[in-house]
Amino acid sequence: QAPDELSLDQAIARALQHHPMIQTQKARVDAFAAEITQARSARFPQITAAAQGKLGLSGASGGLGLQGLVASPFYKNVAASAHVYQNFFDFGRTDHATNAARFLKEAAEKDVEASAATVKLEVQKAYLQALQNQSLIRLDERIIDERQLQYKKADALFQSGLRSKLDARLSEYQLRQSEAKLAEHREALRRSFAELNRAMGLNSSQQYALKELLIEPQPPGETEGLVAQALKNRPEVRSLELQLQATREQLALAKSERYPKLAGIWSGGFARFSEYTLSQLMVAALGVGFPIFTGKRLEAIIREKEDSVKMLESELENLKQAVRLEVSQAVSDMARYQTILPVLKQQIEVAQESLDLANARHQAALASYLDVLTAETAHTEAQIRHTETLYDYGAAEFRLKFGLGTGTN
């Protein structure tokens with residue numbers, strides 16, 4: 001069965017749809033969205049309902065954790081009530097917690113973009129490697145066809161006594177060498193397809209007929225300008241910046257725990273009173289509380305958050321340096337390959353001319369058959385090196401796009 005055709009765009013689309021790394025990051029976004037709701041809920045009234053039946057020591061049912069009118073201290077009582085708790089002022093605790101969760105959600109969204117860019121780069125690298133192996137296999141097959149004809153011709157001439165046995169053996173050696181290279185590239189292609197399936201997030205060993213890419217070497221541009229663009233666009237950088245903002249909000253939250261908190265409650269319901277009046281069936285109160293001594297717990301939390309801020313600042317600086325290095329290396333590789341490719345193309349032309357000359361000299365008995373085989377080897381190696389360098393340039397171009405933060409575009 002002929003393998004399915006697959007283009008690079010199709011491979012990337014499958015990866016972005018199926019890869020578990022992206023699905024994991026999307027789940028993290030949903031989790032942080034839920035944390036925003038949790039933090040923001042402190043701004044709104046908290047309403048609960050409770051009921052209890054009690055017989056025994058007054059107030060001993062406090063272990064149930066019930067609040068409001070239902071917890072009235074009667075020896076024998078059946079009660080039910082609704083309880084409303086409202087936080088009025090907490091020195092920014094709720095705002096800091098909400099902002100921290102919001103920054104973490106935005107950072108997680110940037111992590112989704114970063115994961116998508118990483119997955120895309122892995123697909124591009126695996127696709128290029130498989131495509132390179134496919135190209136080398138086609139080149140190997142063409143060379144084998146040529147060397148099979150040469151071997152048959154050399155063997156026939158040897159059998160007829162017109163050529164030495166050494167010529168026939170050398171020709172056979174060249175043929176077997178090409179067949180070994182073909183087998184090596186076929187194994188490499190199988191490994192490339194395994195890597196491509198993994199990069200697409202597929203648990204499969206499927207092979208494909210890959211569509212060729214148009215690789216046109218272009219000047220990469222000025223390094224410093226590209227680095228500035230990368231630092232602006234890379235989602236990893238923006239994610240760390242947002243995590244840093246979230247940690248600073250958490251630090252402000254930790255500091256706010258040292259200040260008072262003003263809250264109010266209202267509870268109303270039914271209890272077994274001897275007389276029923278409005279004041280007996282509901283209660284309202286305002287309260288203020290503040291920490292006096294916590295065994296240095298709050299100080300330790302503040303110090304922890306301060307250290308976390310310093311850690312993230314260092315990580316951010318380290319990431320920016322890594323981004324600069326990635327971009328610089330990609331630009332350098334592209335410039336190098338762009339310089340090498342015309343030379344390699346010229347080398348193929350020179351090797352072809354040398355091969356033609358060696359064949360002509362051999363026909364005129366002015367050169368040995370070994371000279372012809374040497375020229376053939378040089379021509380073959382020039383073609384292989386040009387093919388490999390062309391795909392190496394394509395890989396460097398993809399790495400530059402990833403480094404610039406445009407890998408998902």
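The first residue in the sequence is number 1, and the count goes up from there. Reckoned from all heavy atoms, side chains included, excluding hydrogens, waters and symmetry mates.
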- Query: Listed by chain and number, what are the ring-ring contact (aromatic ring centres under 6.0 Å, His included) partners of Phe103, not counting sequence neighbours?
  - Reply: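 For Phe103, no residue satisfies ring-ring contact (aromatic ring centres under 6.0 Å, His included) once neighbours in sequence are set aside.
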- Go through the structure and list residues passing ring-ring contact (aromatic ring centres under 6.0 Å, His included) with Tyr259, not counting sequence neighbours. Phe91
Should the pair [X]-[Y] be classified as a salt bridge under the 4.0 Å nitrogen-to-oxygen rule?
X      : Y      : result
Lys310 : Glu313 : no
Glu349 : Lys345 : no
Lys125 : Glu122 : yes
Arg303 : Glu306 : no
Glu195 : Arg198 : no
Arg102 : Glu106 : yes
Arg191 : Glu187 : no
Arg297 : Glu257 : no
Asp371 : Arg361 : no
Arg238 : Glu241 : yes

Under 3.5 Å, is there a donor-acceptor pair linking the side chains of [X] and [Y]?
X      : Y      : value
Tyr208 : Asn197 : yes
Gln329 : Asp333 : no
Gln17  : Arg14  : no
Gln245 : Glu249 : no

Any donor-acceptor pair under 3.5 Å from [X] side chain to [Y] backbone:
X      : Y      : result
Tyr127 : Asp9   : no
Arg258 : Leu298 : no
Thr406 : Lys401 : yes
Ser267 : Met282 : no

[atom1]-[atom2] distance between [X] and [Y], expressed to the nearest 0.5 angstrom:
X      : Y      : atom1 : atom2 : value
Thr387 : Asn133 : OG1   : CG    : 11.0 Å
Tyr151 : Leu175 : OH    : CG    : 8.0 Å
Ile137 : Gln132 : CD1   : CD    : 11.0 Å
Thr389 : Ile340 : OG1   : CD1   : 6.0 Å
Tyr391 : Ile215 : OH    : CD1   : 5.5 Å
Ser115 : Met21  : OG    : CE    : 5.5 Å

Please tell me if the side chains of [X] and [Y] come closer than 4.5 Å, counting only heavy atoms from C-beta onward.
X      : Y      : answer
Leu251 : Ile302 : yes
Met200 : His18  : no
Glu326 : Arg399 : no

- With a cut-off of under 6.0 Å to the ring centre and 45° to the axis, is Arg234 in cation-pi contact with Phe402?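 Verdict for Phe402: a cation-pi partner in Arg234.
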Please set out all donor-acceptor pairs under 3.5 angstrom arising from side-chain atoms of residues 142-150, sequence neighbours excluded.
{"unit_1": "Arg142", "atom_1": "NH2", "unit_2": "Gln383", "atom_2": "OE1", "d": "2.7"}
{"unit_1": "Arg147", "atom_1": "NH1", "unit_2": "Gln174", "atom_2": "O", "d": "3.3"}
{"unit_1": "Arg147", "atom_1": "NH1", "unit_2": "Ser178", "atom_2": "OG", "d": "2.6"}
{"unit_1": "Arg147", "atom_1": "NH2", "unit_2": "Thr380", "atom_2": "OG1", "d": "3.4"}
{"unit_1": "Gln150", "atom_1": "NE2", "unit_2": "Glu376", "atom_2": "OE2", "d": "2.0"}

- Task: Determine whether more than 12 heavy atoms belonging to other residues, nucleotides or ligands lie under 6.0 Å from atom CZ of Phe88.
- Result: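 It does: Phe88 CZ has more than 12 such atoms within range.
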- Message: Does atom CD (Glu212) have a neighbourhood of more than 12 heavy atoms from anything else shown, all under 6.0 Å?
- Response: yes
- What pairs of residues pass the side-chain hydrogen bond (donor to acceptor under 3.5 Å, both in side chains) test when at least one of them lies in residues 220-229, not counting sequence neighbours? Glu224-Arg324
- Task: For Gln23, enumerate each residue passing the side-chain contact (heavy atoms from CB on, under 4.5 Å) test, keeping only those at least two apart in sequence or located in another chain.
- Result: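 side-chain contact (heavy atoms from CB on, under 4.5 Å) list for Gln23, sorted by chain: Lys26.
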Please list every donor-acceptor pair under 3.5 Å in which a side-chain atom of residues 31-41 meets a protein atom from a residue at least two apart or in another chain.
{"unit_1": "Thr37", "atom_1": "OG1", "unit_2": "Ala33", "atom_2": "O", "d": "3.4"}
{"unit_1": "Ser41", "atom_1": "OG", "unit_2": "Gln38", "atom_2": "O", "d": "2.5"}

- Only one of Leu189, Leu8, Leu131 clears side-chain contact (heavy atoms from CB on, under 4.5 Å) with Leu210; which?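 Single pass found, and it is Leu131.
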- Stepwise side-chain contact (heavy atoms from CB on, under 4.5 Å) check, Arg28 with Leu104: CA-CA 10 Å; Arg28 288 182 69 243; Leu104 289 174; over 6 Å; no
